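In what follows, a single structure is set out as structure tokens and then discussed.
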Amino acid sequence: MADYKGTLNLPQTVFAMKANLTQSEPMSMARWEAMDLYQHMQRTRVDAPVFRFHDGPPYANGPIHIGHLVNKVLKDMVVRSHMMEGMRVPYTPGWDCHGLPIEHRVVGELVKKGKMKDLDALPVEVRRMAIRKACAADATKFIGVQAKAMQRLLTIADYANPYRTMDFAYEEGTLGVFAELLETGVVFRERKPVHWSIANRTALAEAELEYESRDDPSVWVDFEASDPAAVAKAFGLSDPIGSPSLMIWTTTPWTLPANLAIAVGPSYRYVLVRIDGSETIVAADLLARVQSAIGATQVEVIAQTDGANLVGLSYRHPFCEREGRVIAGDHVTLEDGTGLVHTAPGHGEDDWRVGRREGLPAYCPVRDDGTYDDSVPDWLQGMNIWEANPVVVKRLEQSGHLVHQVVFTHSYPHDWRSKTPVIFRATEQWFIGVDRPLKQGSETLRGRGLHAVDHTIGFVPAWGRNRLRGMLESRPDWCLSRQRAWGLPIPSFTLPDGSAFMTPATVRAVAKVIGQKGSDAWFTETPAVLLAAYRPTDDPLAPQGLKVESLEKMFDIFDVWFEAGSSWNSVLRARGQGFPADLYLEGSDQHRGWFQLSLLPALGVTGQSPFHSVVTHGFVVDRDGKKMSKSLGNALEVEDLLKEFGAEVCRWWVSGLAFENDIRVDLDHVRAAGEAYRKIRNTLRFLMGNIGDLPTGDCVAEAMRTPPESLDGWALGELSRVQREVRDAFNRYAFREAHLAIFDFCNDTLSSVYCAATKDRLYCDPVDAPRRRQTQRVMRLTAHTLCRLLAPILPHTADEAFRSMVGEAECIHTHAHLPFQFTAHADWSKVLVARMAAMKALEGAKANGVDNPLDAGLTLPDPDGVLAKFQSELADVCGVSRVSLQRDSTAVTVHDLREEPRCERSRRRDASVRLRADGVALSDRDAAAVGAA
RNA sequence: GCGCCAGUAGCUCAGCUGGCUAGAGCACGCCCCUGAUAAGGGCGAGGUCGAAGGUUCGAGUCCUUUCUGGCGCACCA
């Protein structure tokens, strides 16, 4: 018997089944780099519509993690999908360089090496310069590490010209934003308590605190009410009862000189009690605990009232010549103390917040060396606060205000370097007021922000709007200043009288110098040099007769968020990329961060939001939904994933994520993505393998001549639909929809139906048979279209496939989607329904020994006669040897054809099969194809 | 504690303004093919929709409470 395998047109292609991504991806990267793909795309599309997408700067601190991978791949799909739409997409990657985490680690290393002691002895400018130098080196190092990894993810961006918040030009742009904001009048200076290290005379961040056990005096103190009658009234009593007090509890007696108020919970119940003969007020729920704590023997409740009724009462400070008043505080709890909270706005975060609302000053009589200033009673002046603790207690005891004292052991914050206890101390800070009227008109930043959120910004997912609105509604004024070294200096000076001096004009003058020499200049240059471009006489805000030489520099730096939040100016505007951006895309934490803190400055300066839309993604968590962290040991390393699976598999995984919510990641998920990748690759490979002998021609035009009622027409219609769906999904940032549409198309439409049904004609028809060529033309267009649809997700594979079709010199990423639309005959949907019924029937026929569909014939019910016009395709569509139709039937009938002769070439049991001259059974079609008689 | 979000088959997700026996894909099981072959195809079995109340003729879908998890409320970015 002759072997006819050699006469078949079997698939052939150089596009390998095995992707070998780990080796081949870097080759694509090298090719793109050699052709300077990013710049090439900018140059060749100068007149194309622009999509302005702006990269939020990751922090240059350590190698990238899975969160970065997700973020960068999502962004890359945005960039590439818009490029595929024919647009020009300028996209500058950026890095956030300044900030505490870097400084903290760098200083930690300096301490470890024993270098910090020497540095501490130097003048502030010199010391800070040394730290800054080390920080800059650290940031630079990690920018390199991250950029390399991001490129390894096959992302396309202007990596040759990134933005870095520590670049001179960027810093100048940031100061430009600040100068404009100064102009609007929303910047102001005010006191605010911060963690303060007395030993190092510096402010500290939470990260620089170590909690250690410490003994402090714990005291219960009676503050006498000024007006007993008012107290009686608050408790609904007609007559005053003795001389009632308000009992507070504190473990920091040294802050009592700064007491300005007592806070109560308005909804709590308070009791007026007589304890061992004297009347005082405490929270009802805490009475029993207070009683046992202070060891009271006789307790008599006189009356009760709500905390709200106590608000407004006044009291005499036990040793300062002033009165305080009772205010409402949401921070008051019933866990400790008396329910009446000693409030010193200069010495506590909550106290400050509440005090601010009540119009109380952040009074802080403690100097930076931890001693009292002259505003306290003379017996305390100049005393160290820790020494003052027992002195204050003694005084209270002598004056009869002390109810009780014990030694209290608690966990207390200590300075990580000096190991000394830290205090809260109010210092002068720079703020951006969100409720201050902007110079022109009565608008405020908060008002503009809320308006933009509600009316001009688009959100994906939609709940981002609520979230950002909620944050804008409740956010406090923005504290801009930090007392640190690694950052952009706030270019303010002090006048000879000690007051702060900074105007839009001085900031602009300094900005010029910093644009030239970088922010180090602030530390190395004199005020005269820094203000070289400044003329006091031209500045209406300068004091009369100001001499620049008389100024002294201040050394606060900006909150790094102000720097990142100025990127719309330092990058988009400074580089002429256009403003505002079409899109910002970041993790959902950036509602509070970059989104909000870019929005506010931009609204202040330009009146516009810096972005038209924001897209947010969730956070990567482990398989159980728990946060990923190195310490928990549940983190996956990007490097390992790239080594084991390659970037394309990771990208396929990302494209399929429901990224709006938490993103669970597990090795199994990436493995599954690897399987899916192979399926798609194989489908593409099958298409390509079958079009190798098709003469070149106009890919689109030739396919468009396909009859709509043919099987090829159906496939083309599906291709057209999928192309539309995928492009639409990309445009809505619905990557998962695009991913699913592509996957389903490859598996269902192509692999399961179209490829299976056309194998016979592709393999067995004569090479030039019109029917075969028609299928090939559709397959060619399908492959070309698929490459373009896949390009944003799988840039390497799409390019590899494309080049193996059209030549090694080509690159898919310089192309755009093919413009075509095709609609198949509408009744094809009914054919597919009939096919499903046929498949079920064939499955049932296996019980009768008809295992191979080619051993079967089918009779399909066709009551409406709609299937008749597809008669010639039905056998192939169902994978059987032949199909007949019956109008008056409702069920599929399977015919066992195993007794009929089988074509040895096509394996079909066709009516035309007969023995040919060489003694082999062939159908007419196959006989013709091999030239057998 | 407060704000936003999520909790649907083993896994990843659809289920729009409440309405046919709750759908996909993956994995799984059985089978076919061996001319896409470290491929391809067919069929099938999987769910008391986090829990508890409530509204309704009817709830995965609306309301309340609750549990679990994520993000945000800091001189962290």
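Just so it is clear, the model here is predicted, and its values are computed rather than measured. No hydrogens, no waters, no symmetry mates; every other heavy atom, side chains included, goes into these values.
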Just the rounded figure in Å: distance from [atom2] of [N] to [atom1] of [X].
X        : N     : atom1 : atom2 : answer
A/Ile680 : B/A36 : CD1   : P     : 20 Å
A/Gln596 : B/G3  : CD    : P     : 18 Å
A/Arg681 : B/G40 : CZ    : C1'   : 17 Å
A/Lys18  : B/A39 : NZ    : C1'   : 14 Å
A/His617 : B/C5  : NE2   : C1'   : 15 Å
A/Asp855 : B/C31 : CG    : P     : 18 Å
A/Tyr677 : B/A39 : OH    : P     : 14 Å

Mind checking the [atom1] distance from [N] to [M]? Whole angstroms is fine.
N     : M     : atom1 : result
B/C11 : B/U21 : C1'   : 25 Å
B/C49 : B/A6  : C1'   : 14 Å
B/A45 : B/G25 : P     : 14 Å
B/C20 : B/A59 : P     : 11 Å
B/G46 : B/U34 : P     : 32 Å
B/C2  : B/U17 : P     : 28 Å
B/A14 : B/G60 : C1'   : 12 Å
B/A24 : B/C31 : C1'   : 23 Å

Phosphate OP1/OP2 of [N] contacted by [X] side-chain N/O (<4.0 Å):
X        : N     : answer
A/Tyr4   : B/G35 : no
A/Arg907 : B/G35 : yes
A/Arg685 : B/U37 : yes
A/Lys679 : B/G41 : yes
A/Thr333 : B/G1  : no

Can you figure out which of [options] approaches the side chain of [X] most closely?
X        : options             : answer
A/Arg736 : B/C76, B/C43, B/U12 : B/U12
A/Pro101 : B/C4, B/C76, B/C26  : B/C76
A/Met17  : B/G25, B/C43, B/A36 : B/A36
A/Tyr59  : B/G42, B/A36, B/A77 : B/A77
A/Asp851 : B/C32, B/G42, B/G40 : B/C32
A/His669 : B/A77, B/G35, B/C11 : B/C11
A/Trp561 : B/C43, B/A77, B/A39 : B/A77
A/Ala658 : B/U37, B/G42, B/A14 : B/A14
A/Asn466 : B/C31, B/G35, B/C5  : B/C5

- request: Please identify each residue that fulfils side chain to side chain donor-acceptor pair (under 3.5 Å) with A/Tyr754, with sequence neighbours left out.
  value: A/Asp712

- prompt: Taking the six-membered ring for Trp, are A/His414 and A/Tyr211 ring centroids under 6.0 Å apart?
  reply: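 No.
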
Can you tell me the base-pairing partner of [N]? Count Watson-Crick or G-U wobble geometry only, both distances below 3.5 Å, and say none if there is no partner.
N     : answer
B/C49 : none
B/C20 : none
B/G72 : B/C2
B/G35 : none
B/C26 : B/G10

Report which part of the nucleic acid [X] touches: base, sugar-phosphate, or nothing (heavy-atom distance under 4.0 Å, all strands).
X        : answer
A/Arg905 : base
A/Lys759 : base
A/Ser751 : base
A/Gly99  : sugar-phosphate
A/Asn661 : sugar-phosphate

message: Quick one, A/Leu667 with A/Phe645, criterion side-chain contact (heavy atoms from CB on, under 4.5 Å). Give me CA distance, side-chain angles, the key distance, then yes/no.
response: CA-CA 10 Å; A/Leu667 222 46; A/Phe645 299 99; 4.2 Å; yes

Would you say the side-chain atoms of [X] and [Y] include a donor-acceptor pair closer than 3.5 Å?
X        : Y        : result
A/Ser588 : A/Arg467 : no
A/Arg907 : A/Asn852 : no
A/Asp556 : A/Trp430 : no

query: Nearest nucleotide by nearest heavy atom, which residue falls closer to the 5' end of RNA chain B, A/Asp744 or A/Cys764?
result: A/Asp744

query: Which of these, A/Asn690, A/Asp765, A/Asp693, sits in a side chain to side chain donor-acceptor pair (under 3.5 Å) with A/Arg772?
result: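 Going through A/Asn690, A/Asp765, A/Asp693 one by one, the side chain to side chain donor-acceptor pair (under 3.5 Å) with A/Arg772 is satisfied by A/Asp693 alone.
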
query: If you count the non-hydrogen atoms of other residues, nucleotides and ligands that lie under 6.0 Å from CD in A/Gln12, is the total more than 12?
result: no

A/Asp477 side-chain N/O to A/Val434 backbone N/O, donor-acceptor pair under 3.5 Å: yes

- request: Ignoring hydrogens and angles, answer whether the base of B/A77 and the side-chain atoms of A/Trp594 contain a donor-acceptor pair closer than 3.5 Å.
  value: no

Measure all distances between protein nitrogen or oxygen atoms and nitrogen or oxygen atoms of nucleotides 68-75 of chain B, and list the pairs falling under 3.5 Å.
| residue | atom | partner | partner atom | Å |
| --- | --- | --- | --- | --- |
| B/G69 | O2' | A/Gly625 | O | 2.5 |
| B/G70 | O4' | A/Asp662 | OD2 | 3.1 |
| B/G70 | O2' | A/Asp662 | OD1 | 3.0 |
| B/C71 | O2' | A/Arg467 | NH2 | 3.0 |
| B/C71 | O2 | A/Arg467 | NH1 | 2.8 |
| B/C71 | O2 | A/Arg467 | NH2 | 3.3 |
| B/G72 | O4' | A/Arg467 | NH2 | 3.1 |
| B/G72 | O3' | A/Arg592 | NE | 3.1 |
| B/C73 | OP1 | A/Arg592 | NE | 2.2 |
| B/C73 | OP1 | A/Arg592 | NH1 | 3.2 |
| B/C73 | OP1 | A/Arg592 | NH2 | 3.1 |
| B/C75 | OP2 | A/Lys192 | NZ | 2.9 |
| B/C75 | O4' | A/Arg482 | NE | 2.6 |
| B/C75 | N3 | A/Gln483 | N | 3.4 |
| B/C75 | N3 | A/Gln483 | OE1 | 3.0 |
| B/C75 | N4 | A/Gln483 | OE1 | 2.0 |

- prompt: Taking the six-membered ring of A/Phe15, is the NZ or CZ of A/Arg681 close enough (under 6.0 Å from the centre) and on axis enough (within 45°)?
  reply: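 Verdict for A/Phe15: a cation-pi partner in A/Arg681.
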
Cation-pi geometry met for A/Arg132 and A/Trp486 (6.0 Å, 45°): no

